[in-house]
Amino acid sequence: MATLQPVLLCGGSGTRLWPLSREAYPKQFLPLAGEDSLLQATWRRVAPLADAAPIVVAGEEHRFLAAEQLRLTGAPAAAIVLEPVGRNTAPAIAAAALQATAAGADPLLLVLPSDHVVADAEAFRAAVRAACAAAADGALVTFGIVPDAPETGFGYIQAAPGEGVRKVLRFVEKPDADTARAYLDAGGYYWNSGMFLFRASRYLAELERLRPDILAATRAAFAAARRDGDFIRLDRDAFVACPAQSIDYAVMERTDAAMVLPVEVGWNDVGSWSALWDVAERDAAGNACRGDVIAVDSRDSYAYARRLVALVGVEGIVVVETDDAVLVARKDKVQQVKEVVAQLKADQRSQAALHREVHRPWGSYDSVDQGERFQVKRIKVKPGAALSLQSHTRRAEHWIVVSGTARVTRDHDVFELHANQSTYIPIGAKHRLENPGSEVLELIEVQSGDYLGEDDIVRYEDVYGRA
């Protein structure tokens, strides 16, 4: 049997799960349905089947999140293909296939979105095993979800009669309610899950036949890619020129090799807060609560809270409370959350993209207070990590160590600070903060100046390759 190599698609911004999911920290990196993030759960689900380390396709801005989360699961070092811009799934999978075949191998690629929930992991693995023979023989296999409701939010696949893996008769766009009900009544129609299994070379051959322009642009981007450890940085100019199209439109709806295996694996694409309510554990009144939540005389609602949230006399609502935003919505209107995000972007508000706590490859910072000429941040630096050597033209900084050890570079001086010690970084001084210890370094940073934006930074040296 051919080698099976997972491909974890890790792009997407997850705007419908705002305010928890944001551009800088989208839903695939969040623990929405358990202790693991959705990405980590995806890897754990497929790990028992994998014959090779996964290939991850992610956006440039999420590279360290993806690498760190997989490292925490104990996954073997993944090849992480970085997209400079999003171009949908056909080019993303092509880049993964080029990486998989670069050394002469031709594995079966199990392509999985990393932001879905699959409740029955063993049934999922059994389905993959059942589909391997057809994929090894040249089929492009997709997994169709046996529908349990006339859902209008998914595309459908009509399958030929039979058992097991069978021919795809047609792909159908998202239907209206009456059409979806007719599909459910007729049988033979399945939700399009976006999960695929095929030989790497077979996908590349079909893409070359059906959309040679997409493959040519992806090949050019891959050939000119920069290798940085486990990161494969696709060439920006070549990839920007690549047409943006899904694998469904580019290949699956046009090939005569498409086959489908219907599955019942407890699948949910977690595409909205109501979908998350569907897969969450609920109390006797139908409430799904995560965090510090008290529900009184309330039913069929979802609440996510960092601080105390109380629900009183409500039904069918969603309340999501984060450090810097609160969402309150009717459960049947949550698809309109993306309109909130659009408004935030139009107003150039940071809450569209960033949480109050912002993650960086070296750790994180949390903006706990700010005024006209000051900002206070709580900074955490991971053991052994270091910020870039940098300077600021319009702000000074005061650092107070709360715990751990800080190694400070300030112009020509290098010194260490411990708990309850502090230092001052004048405007224009070249400086660096490092954690030489084995514990997380925590400190309070007080910025003062006439401009406190994150773009007031000049980097001289950076171990993470940032400009």
Side-chain angles (χ1 to χ4, degrees), residues 2-12 52-60 63 78-114 131 134-143 155 157 168 171 192-227 230-260:
T3 298
L4 190 142
Q5 184 159 32
V7 174
L8 309 182
L9 300 179
C10 210
I55 296 173
V56 177
V57 184
E60 174 80 21
R63 63 193 187 280
I80 302 179
V81 179
L82 300 177
E83 299 175 292
V85 293
R87 283 296 178 261
N88 217 314
T89 52
I93 297 168
L98 292 170
Q99 172 63 23
T101 56
D106 187 16
L108 294 179
L109 300 183
L110 178 58
V111 179
L112 302 173
S114 59
D137 287 341
L140 304 181
V141 180
T142 186
F143 297 88
I157 302 167
V168 170
F171 289 82
N192 188 348
S193 70
M195 300 187 292
F196 304 94
L197 181 67
F198 39 64
R199 279 196 182 274
S201 63
R202 187 75 173 101
Y203 174 70
L204 292 173
E206 284 298 271
L207 188 61
E208 185 162 35
R209 183 174 71 86
L210 298 168
R211 286 303 303 266
D213 54 339
I214 291 178
L215 183 57
T218 308
R219 279 193 192 280
F222 186 79
R226 292 184 293 116
R227 270 68 177 177
D230 295 326
F231 299 129
I232 298 100
R233 301 170 184 264
L234 299 176
D235 180 75
R236 170 173 286 275
D237 291 342
F239 204 66
V240 165
C242 183
Q245 195 164 62
S246 70
I247 181 178
D248 298 285
Y249 285 133
V251 175
M252 297 302 291
E253 295 184 10
R254 303 171 65 193
T255 182
D256 58 3
M259 301 189 77
V260 61

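When a residue number appears, it is its place in the shown sequence, counting from 1.
Side chain of Arg254 to backbone of Val251: no donor-acceptor contact under 3.5 angstrom is found. In this structure, Thr89 contributes its side chain and Ile247 its backbone to a donor-acceptor pair below 3.5 Å. Panel note: side chain Tyr203, backbone Ala90; a donor-acceptor pair is recorded below 3.5 Å. Between the side chain of Arg233 and the main chain of Arg226, no donor-acceptor pair closer than 3.5 Å is present. The backbone N or O of Met195 sits less than 3.5 Å from a side-chain atom of Thr142, completing a donor-acceptor pair. Between the Glu60 side chain and the Val85 main chain, no donor and acceptor come within less than 3.5 Å of each other.
A heavy-atom distance below 4.5 Å is not found between the side chains of Leu108 and Thr3. Here the side chains of Arg211 and Pro243 are in contact, with some heavy-atom distance below 4.5 Å. A 4.5 Å side-chain heavy-atom check between Phe231 and Val81 finds every atom pair outside the cut-off. Contact of the Ile214 side chain with the Leu207 side chain is registered, since non-hydrogen atoms from C-beta on lie closer than 4.5 Å. Side-chain contact between Thr255 and Leu210 is present, with at least one heavy-atom pair separated by less than 4.5 Å. The side-chain heavy atoms of Asp248 and Phe171, taken from C-beta on, include a pair separated by under 4.5 Å. Side-chain contact between Phe143 and Leu110: present, with at least one pair of heavy atoms (C-beta onward) separated by less than 4.5 Å. The shortest side-chain heavy-atom distance between Arg219 and Leu98 falls under the 4.5 Å cut-off.
Annotation: salt bridge (Lys or Arg N to Asp or Glu O under 4.0 Å) contacts of Glu83 (sequence neighbours excluded): none.
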Let me have the donor-acceptor pairs involving side chains of residues 235-242, under 3.5 Å, with sequence neighbours excluded, atom names and distances please.
from   : atom 1 : to     : atom 2 : distance (Å)
Asp235 : OD2    : Asp237 : N      : 3.4
Asp235 : OD2    : Ala238 : N      : 3.0
Arg236 : NH2    : Pro84  : O      : 3.3

*Under the side-chain hydrogen bond (donor to acceptor under 3.5 Å, both in side chains) rule, what do Asp106 and Ser201 come out as? Steps first, then yes or no, please.*
CA-CA 6 Å; Asp106 187 16; Ser201 63; 2.6 Å; yes
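Nearest heavy-atom pair across Thr101 and Ala200 is CG2-CB, 3.6 Å. Annotation for Cys10 and Ala58: closest pair CB-CB, 4.0 Å, computed over non-hydrogen atoms. Here the closest non-hydrogen pair linking Thr218 and Ala95 is CG2-N, 3.6 Å. Nearest heavy-atom pair across Ser193 and Pro113 is O-CG, 4.3 Å.
No more than 12 heavy atoms of other residues, nucleotides or ligands sit less than 6.0 Å from atom OH of Tyr249.
Here the CD atom belonging to Gln5 is positioned 4.0 Å from the CD1 atom belonging to Ile55, to the nearest 0.5 angstrom. Leu204 contributes atom CG, which lies 14.0 Å from atom CZ of Arg209 (distance to the nearest 0.5 angstrom). In this structure, CD in Glu208 is found 11.5 Å from CG in Asp213, a value given to the nearest 0.5 Å.
A cation-pi arrangement, defined by a distance under 6.0 Å to the six-membered ring centre and an angle within 45 degrees of its axis, is present between Arg227 and Phe222.
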